[in-house]
Amino acid sequence: MDRVTDRLIGDYDDGVRGPLFFCFGAMHGNEPAGVRAVELVLKMLEVEHIKNPNFRYRGKFVGLIGNLKAYQQGQRFLNKDLNRQFIKEHIEKIKTVEPIDLDPEDAELLDILDIINQEIQAYKPEQIIFLDLHTTSSDGGIFTICQKDKRTIDVAMGLHAPIVLGIIEGLVGTTLHYFTTDNFGIDTMSLTFESGQHQESLAINRAIAAIICAMREIKSVNPEDVENYHEEILINYSKNLPKLTTLVEHYPIEDGEKFVMDSGYKNFQKIEANQKIASNEQGPLYTKADGLILMPLYQEKGEDGYFIVKEIEY
Ligand SMILES: [Zn+2]
């Protein structure tokens, strides 16, 4: 099996220097929308060439599947959440493990980093951007998570979805934690885009729009290049939502805890403090903070019960 071509959705390079753009789909194997979106964007770039002979993409675009084995099985993950394993010390440790003894997600992790490093060595970029595409188990979860620096927030603003700051501080080992300037020694920006519910077809359109908007923001494509009628969907969706928010509460699920979210919660729904929101084996669970709910857990596998955010000034 050629593992590189399996993980590689495709790449695009017109020979004009620019940022190296890594776009991930299915970092959670049960989230295929990002993979479809990357495939379609690659086709759109090809079409642009035919329609517009002067079109040149600046930089290189690389589309990758995150948790390949889980994706092939339609599972969120096989043994543990890959998007919690991007930890420097953990990576150093597993590099010393015999490949046959590696946990499946750790094998995925090392393979992903291998491919990224090969691409970096081959392209020698001055700037790297990562866009990690996700979907959620509940409806209406369209938002961007990113690092807090102004430049990244400016790019995130261009994706038209509400931005949620503060989430990564409450978690460890996500792509946003690891894909940094410090770790690569090259100017790096990292964003995660949640495009909607796992099975919703619009989640693909929104992810396409997010990729193309990100390409514009980093000036890999001109604003007039690459038709992006999908963008309207995002603009309309986020019309009445806050542009910039920060995390005020997070419910992590403990090992073995039987967390059950109360039914009917939608992303960005208003929540009061002390509201009964879920239960576990010990009884009802109540919110602590007022705000807007994000990612209420409606699937079996998952380590986070819910998040609550509130609007902040840009
Ligand atoms: Zn995900």
Side-chain angles (χ1 to χ4, degrees), residues 7 9 22-39 63-87 104-105 108-109 112 130-147 156 159 161-179 190-211 214 234 247 250-253 259 261 265-268 293-307 309:
R7 189 179 303 282
I9 305 166
F22 290 102
C23 188
F24 280 97
M27 194 59 76
H28 292 127
N30 62 333
E31 301 176 7
V35 180
R36 294 288 97 76
V38 170
E39 287 168 352
L64 295 168
I65 294 177
N67 197 332
L68 179 60
K69 281 190 290 283
Y71 172 72
Q72 286 163 341
Q73 296 181 29
Q75 296 283 324
R76 185 167 181 79
F77 50 79
L78 299 183
N79 194 40
K80 59 186 181 184
D81 189 339
L82 178 58
N83 202 27
R84 297 290 181 276
Q85 312 306 319
F86 286 85
I87 302 165
E105 267 74 31
E108 295 284 316
L109 178 59
I112 288 169
F130 288 94
L131 179 62
D132 188 10
L133 299 168
H134 288 257
T135 50
T136 59
S137 60
S138 51
D139 286 326
I142 293 121
F143 54 96
T144 305
I145 309 173
C146 64
Q147 293 155 351
L159 309 193
I163 300 167
V164 182
L165 300 177
I167 278 198
I168 60 173
E169 285 84 345
L171 303 173
V172 284
T174 72
T175 55
L176 289 175
H177 289 92
Y178 190 79
F179 295 156
S190 241
L191 301 102
T192 292
F193 185 77
E194 299 274 355
S195 69
Q197 203 275 337
H198 298 324
Q199 304 309 328
E200 193 187 358
S201 65
L202 274 178
I204 301 171
N205 303 67
R206 296 186 197 109
I208 291 172
I211 299 168
L234 278 181
L247 183 70
H250 166 220
Y251 189 92
I253 300 172
F259 176 91
M261 189 77 208
Y265 284 103
K266 286 201 163 127
N267 280 293
F268 293 108
I293 192 161
L294 262 194
M295 294 190 277
L297 183 72
Y298 289 119
Q299 65 195 3
E300 271 176 36
K301 286 182 182 175
E303 294 171 356
D304 307 298
Y306 60 84
F307 297 81
V309 302

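Read the numbers this way: they start at 1 and go in the same order the structure lists the ligands and their atoms.
- By the 30° and 60° cut-offs, the orientation of the rings of F259 relative to Y306 is tilted.
- Separating the NE2 atom in H28 from the CG atom in L82 is a distance of 7.5 Å, to the nearest 0.5 Å.
- In this structure the side chain of H134 reaches within 4.5 angstrom of the side chain of N83, judged on heavy atoms.
- Put simply, E194 stays out of reach of the Zn ion (ligand 1), with no N, O or S atom under 2.8 Å from it.
- Within H28, the N, O or S atom at minimum distance from the Zn ion (ligand 1) carries the name ND1.
- With the Zn ion (ligand 1) as the vertex, atom OE1 of E31 and atom ND1 of H134 span an angle of 90° (nearest 10 degrees).
- Ion pairing between E31 and R76 holds under the 4.0 Å rule for side-chain N and carboxylate O.
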